[in-house]
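Take a look at the structure below.
Nothing here was measured: the structure is a model prediction, and the numbers come from that model. These numbers come from the heavy atoms of this one structure, side chains and all, not from hydrogens, waters or symmetry mates.
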Amino acid sequence: MTPFRFLHTSDLHLGRAYGGYPEGIRHRLREARHGAISRLAKAARDGGAGVVLLAGDTFDAETPAPDTLRQALSAMGEERDLTWVLLPGNHDSLAASELWRRIAQDPPGNLMVLTSEVPVALAPDHWLLPAPCTQRRPGRDLTEAMSAPTPQGARRIGLGHGAITDFSGEEGALGIIPPDRAARSGLDYLALGDWHGQMQVTPTTWYSGTPEPDGFKHDAPGSALLVTLGVTAEVTPVETAQFRWRRPALDLLPGEDLTARFADILPQSRARDHLVRLTVTGRLPLADRAALEAALAARAPDFGWFAADLSALGVEALPEDLDQIDRAGALRQAAEVLLAEAGDATLSQSDRDTASAALARLYALSQEVQA
């Protein structure tokens with residue numbers, strides 16, 4: 001049997017709102033998710049694949065806006081040399097009957113919608129064994145259906161959405177899909193969605209991860225999986241994302257070159273397509289802490305979104321440093337109180353950190369006024 005190649009992806013979450021971020025970046029993130037459709041098509045085409053498997057959660061909600069749905073279907077339809085295979089996930093489960101009714105009304109000719117667990121012929125001698133999500137939390141192993149018979153000698157590809165390990169982090173919680181589902185059901189490959197980071201479970205069972213990341217949980221770039229079924233399953237990640245979500249950490253000591261340290265950990269190219277959440281630890285003199293805050297404020301507009309957490313950065317403050325704030329009066333008294341609290345071993349570390357941060361901020365503001 002000749003090798004068969006397809007692209008495995010999942011969790012596009014089209015229509016995600018990205019609440020909590022400024023409107024400008026929210027708009028760009030929503031557009032990047034829609035743009036993932038064309039990037040997936042290019043990845044499939046460049047890799048010699050004629051089929052794109054969407055393993056659930058193509059839409060973020062059971063009732064996506066009419067334009068979100070229409071534009072997604074149109075984008076897939078325009079890539080007419082590819083077959084798109086759409087599986088309901090937990091966010092867009094079969095319980096969203098209106099969604100699937102709307103899709104069935106006028107689907108593009110190259111879209112295969114899997115709303116049943118009945119095996120489907122994908123290509124000659126290649127069968128899909130789908131496990132569409134029946135509701136948000138099915139509460140049972142839907143992939144049992146993948147043990148259904150197919151013609152003798154055919155390759156068997158499972159397509160499902162759900163947890164193998166406990167993604168919630170709760171102690172004692174059990175996953176639903178057995179990790180050996182591929183072996184149990186005689187699958188040549190099991191394509192899964194739900195986990196937004198790419199993960200290999202076994203050589204023949206993979207989570208593709210989302211093609212366009214939507215948060216800081218997974219530091220790797222978004223990608224899809226190019227799968228070639230021959231004697232064995234060959235799986236190759238293909239990067240597809242526009243944006244990178246980065247969580248760099250910076251531990252600083254007095255006397256370090258801040259410019260050089262920034263160059264080491266912050267993106268130096270395509271900064272506009274990076275969302276960065278920086279954590280800074282260590283200790284710095286008051287003047288260096290103020291310089292650090294100024295440097296971060298100067299860099300922040302370069303990125304699509306930028307935030308820095310300096311709550312764990314201690315300050316080394318000497319009494320003479322307080323002269324730079326004020327030599328007398330209310331500001332001097334406030335600075336002295338904060339300096340004392342920052343070094344008070346009877347206070348909690350959180351309270352001492354808060355006092356240090358407040359002192360550093362007071363110093364920085366005083367320097368701005370004096371300038």
Side-chain angles (χ1 to χ4, degrees), residues 1 3-11 49 51-57 85 87-91 93-94 114 116-123 125-210 217-218 220 223-238:
M1 194 182 302
F4 180 70
R5 188 168 293 165
F6 58 88
L7 193 73
H8 167 201
T9 187
S10 70
D11 296 279
V51 175
V52 180
L53 301 184
L54 299 163
D57 285 0
V85 181
L87 182 83
N90 63 316
H91 278 253
S93 73
L94 289 174
L114 302 178
S116 166
E117 60 187 26
V118 175
V120 176
L122 183 62
D125 297 319
H126 291 80
W127 285 74
L128 268 178
L129 294 107
C133 284
T134 54
Q135 54 190 329
R136 187 68 178 258
R137 294 177 179 84
R140 62 186 179 88
D141 177 16
L142 299 173
T143 65
E144 287 181 349
M146 294 178 184
S147 296
T150 54
Q152 183 71 27
R155 289 190 177 123
R156 296 163 56 86
I157 303 167
L159 186 62
H161 188 95
I164 278 181
T165 59
D166 171 32
F167 296 145
S168 71
E170 297 178 4
E171 284 291 330
L174 297 176
I176 293 176
I177 302 172
D180 61 347
R181 168 53 64 199
R184 290 191 191 192
S185 297
L187 304 176
D188 294 277
Y189 184 81
L190 175 53
L192 292 174
D194 189 31
W195 185 239
H196 287 200
Q198 202 166 91
M199 183 170 70
Q200 178 183 1
V201 180
T202 72
T204 55
T205 301
W206 285 73
Y207 284 95
S208 64
T210 177
K217 190 170 186 177
H218 307 287
S223 57
L225 297 173
L226 186 67
V227 182
T228 303
L229 295 184
V231 177
T232 59
E234 296 180 8
V235 183
T236 305
V238 182

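D125 contributes no side-chain N or O that, together with a main-chain N or O of R155, makes up a donor-acceptor pair within less than 3.5 Å. Although no hydrogens or angles enter the test, the distance criterion places no donor-acceptor pair under 3.5 Å between the side chain of T9 and the main chain of A224. A donor-acceptor distance shorter than 3.5 angstrom exists from the side chain of Q198 to the backbone of S208, with no hydrogens or angles considered. Side-chain atoms of D57 come within 3.5 Å of backbone atoms of H91 as a donor-acceptor pair (strictly under, hydrogens ignored).
Between atom CG of residue L192 and atom CG of residue L53 there is a gap of 11.5 Å, rounded to the nearest 0.5 Å. With rounding to the nearest 0.5 Å, the separation of OG1 in T134 from CG in N90 is 10.5 Å. Rounding to the nearest 0.5 Å gives a distance of 8.0 Å between CG of D194 and OG of S10.
Residue F6 forms a side-chain contact (heavy atoms from CB on, under 4.5 Å) with just one option from V52, L225, I157, and that option is I157.
Closest approach of W127 and A154 over heavy atoms only: CD1-CB, 3.7 Å. Among all heavy-atom pairs drawn from L226 and A49, the shortest one is CD1-CB, 3.9 Å. Of all the heavy atoms in P130 and L87, the pair that sits closest is CB-CD1, 4.0 Å. The two residues T204 and A182 have their closest heavy-atom pair at OG1-CB, 3.7 Å.
A 4.5 Å side-chain heavy-atom check between V85 and V120 finds every atom pair outside the cut-off. The shortest side-chain heavy-atom distance between F4 and L122 falls under the 4.5 Å cut-off. Inter-residue side-chain proximity for H161 and L142 is flagged as unmet; no heavy-atom pair is nearer than 4.5 Å. Counting only heavy atoms from C-beta outward, the side chains of I164 and T205 approach each other to under 4.5 Å. Side-chain atoms of L114 and P132, non-hydrogen and from C-beta on, never get closer than 4.5 Å to each other. Looking only at side-chain heavy atoms (C-beta outward), D141 and I177 come within less than 4.5 Å of each other.
Legend: salt bridge (charged side-chain N to carboxylate O under 4.0 Å, His left out) pairs involving residues 182-191, not counting sequence neighbours, sorted by first then second residue: D180-R184. Residue pairs meeting the salt bridge (charged side-chain N to carboxylate O under 4.0 Å, His left out) criterion with at least one member in residues 126-140: none, sequence neighbours excluded.
H8 and Y189 have their aromatic ring centers within a separation under 6.0 angstrom.
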N/O donor to acceptor pairs below 3.5 angstrom from side-chain atoms of residues 144-152, sequence neighbours left out:
from, atom 1, to, atom 2, distance (Å)
S147, OG, S185, OG, 2.8
T150, OG1, R156, NH1, 2.9

